[in-house]
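Quick notes on the structure that follows.
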Amino acid sequence: MLGNDYKTQTCSIAGALEVVGERWSLLIVRDVFLGLRRFDQLQANLGIARNVLQARLERLIEQACSSAAATRTGPPRYEYRLTEKGIDLWPIVVSLMQWGDRHTPPPGGPAVVLEHRGCGGRVDEHRICEKCGKPLSAREARGLPGPGAAPEHPLLLRREREAAAAAGARQGDAAAQASAA
């Protein structure tokens, strides 16, 4: 059985595997790209044991791929964000996602589709906008729920939260206008 230590390998691929070479680490990175920032969100979405998640988060922080910042409200909790080193994993995550969409597609189609924030064009397999032709970075693209997204997919849940917040704001505005009249 292959261990998780590649120190005898003089190879950049082996070095990368030292950092993100087991499945939970890349899935955590994927989820942070999708907007999940708190431990409980990551744990619920991944279905990972708490101790395993804690160990993987600590490893990503130790390797400077992620950082943890205490939230400002409530009991001490942390919000996990990707560092520049972690954001540099975006092409790898996109390539794995697109490879999976071609060779192991979810029922119903891709769970996530990528869109250029600037013009709304789809992102192709080379991370280039199909509409305007611009090569894209992680910050210039966004993930949207695809046709194969399960109802509990983080992007669908975020869309529901945003819609509820917008509806609440509209109700608040209407109430303020009514009381002003």
Side-chain angles (χ1 to χ4, degrees), residues 20 22-61 65-83 86-123 127 129 136-175:
V20 292
E22 59 78 42
R23 73 179 192 157
W24 291 120
S25 295
L26 277 178
L27 292 174
I28 291 166
V29 169
R30 176 209 60 193
D31 277 6
V32 176
F33 273 125
L34 292 176
L36 302 177
R37 304 275 189 261
R38 294 191 331 259
F39 186 94
D40 59 329
Q41 292 174 322
L42 293 165
Q43 200 272 328
N45 191 57
L46 293 168
I48 185 175
R50 296 178 68 79
N51 63 322
V52 174
L53 177 58
Q54 183 64 39
R56 297 308 180 269
L57 286 168
E58 288 172 2
R59 177 82 173 145
L60 289 169
I61 291 167
C65 290
S66 181
S67 64
T71 59
R72 298 187 195 279
T73 59
R77 296 191 198 287
Y78 294 92
E79 191 168 270
Y80 298 93
R81 299 247 176 207
L82 296 174
T83 61
I87 291 169
D88 283 349
L89 290 166
W90 185 69
I92 295 157
V93 173
V94 170
S95 292
L96 282 170
M97 180 186 74
Q98 291 174 338
W99 184 90
D101 288 344
R102 273 191 308 279
H103 299 290
T104 61
V112 175
V113 293
L114 297 176
E115 176 182 276
H116 180 196
R117 289 180 189 271
C119 74
R122 289 280 175 107
V123 178
R127 296 175 318 282
C129 177
L136 301 173
S137 70
R139 290 183 174 92
E140 296 171 307
R142 70 173 151 229
L144 300 172
E152 67 279 358
H153 193 280
L155 292 174
L156 287 172
L157 296 176
R158 181 170 67 192
R159 183 184 281 172
E160 289 172 10
R161 284 191 308 272
E162 290 169 354
R170 284 192 301 274
Q171 287 177 345
D173 290 345

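- Closest of all the heavy-atom pairs between Gly86 and Phe33 is O-CZ, 3.9 Å.
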Step by step, would you call Leu144 with Val112 a side chain to side chain contact (heavy atoms under 4.5 Å, CB included)?
CA-CA 6 Å; Leu144 300 172; Val112 175; over 6 Å; no
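- For Leu46 against Arg30, the heavy-atom pair with the smallest separation is CD2-NH2, 3.5 Å.
- The nearest pair of heavy atoms linking Leu114 to Gly143 is CD2-CA, 3.9 Å.
- The minimum heavy-atom distance between Ser25 and Val20, with the atom names listed, is CB-CA, 4.1 Å.
- Across every non-hydrogen atom of Ala138 and Ile87, the tightest pair is CB-CG2, 3.8 Å.
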Side chain to side chain contact (heavy atoms under 4.5 Å, CB included) between Glu115 and Cys129, intermediate numbers included:
CA-CA 8 Å; Glu115 176 182 276; Cys129 177; over 6 Å; no
Go through it in stages, so that I can follow the logic: the residues are Arg37 and Tyr80, the test is side chain to side chain contact (heavy atoms under 4.5 Å, CB included), and I'd like the CA-CA distance, side-chain angles, deciding distance and then a yes or no.
CA-CA 5 Å; Arg37 304 275 189 261; Tyr80 298 93; 5.7 Å; no
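- Counting only distance, with no hydrogens or angles, the side chain of Gln41 and the backbone of Arg38 share a donor-acceptor pair below 3.5 Å.
- In this structure the side chain of Ser66 never reaches within 4.5 angstrom of the side chain of Ile28, judged on heavy atoms.
- The closest side-chain heavy-atom distance from Val32 to Leu42 is below 4.5 Å.
- Between Arg81 and Glu79, at least one side-chain N (NZ, or NE/NH1/NH2) sits under 4.0 Å from a carboxylate O, which counts as a salt bridge.
- More than 12 non-hydrogen atoms from other residues, nucleotides or ligands lie less than 6.0 angstrom from CZ of Phe39.
- Minimum interatomic distance between Gly108 and Pro147 (heavy atoms only, all atoms of both residues): O-CB, 3.3 Å.
- Separating the CG atom in Leu96 from the CG atom in Leu26 is a distance of 6.5 Å, to the nearest 0.5 Å.
- Rounding to the nearest 0.5 angstrom, the gap separating the CZ atom in Arg159 from the NE2 atom in His153 is 11.0 Å.
- Atom CZ of Arg56 is separated from atom CG of Asn51 by 9.0 Å, given to the nearest 0.5 angstrom.
- The main-chain N or O of Cys65 is found under 3.5 Å from a side-chain atom of Thr83 such that the two form a donor-acceptor pair.
- Remark: Glu160 CD to Leu155 CG distance equals 11.5 Å, nearest 0.5 Å.
- Pro110 has its side chain out of reach of Pro105: every pair of non-hydrogen atoms, C-beta onward, lies at least 4.5 Å apart.
- Atom CG in Leu136 sits 5.0 Å away from atom NE2 in His116 (nearest 0.5 Å).
- More than 12 heavy atoms of other residues, nucleotides or ligands shown are found within 6.0 angstrom of CZ on Arg117.
- Every residue meeting the side chain to side chain contact (heavy atoms under 4.5 Å, CB included) condition with Glu58, not counting sequence neighbours, appears here in chain and number order: Gln54.
- Counted by atom type alone, Ser137 and Glu140 present one or more donor-acceptor pairs between their side chains at under 3.5 Å.
- To the nearest 0.5 Å, atom CG of residue Leu34 and atom CG of residue Leu157 are 11.0 Å apart.
- Under the 4.5 Å side-chain criterion, counting only non-hydrogen atoms from C-beta, Arg127 is in contact with Trp90.
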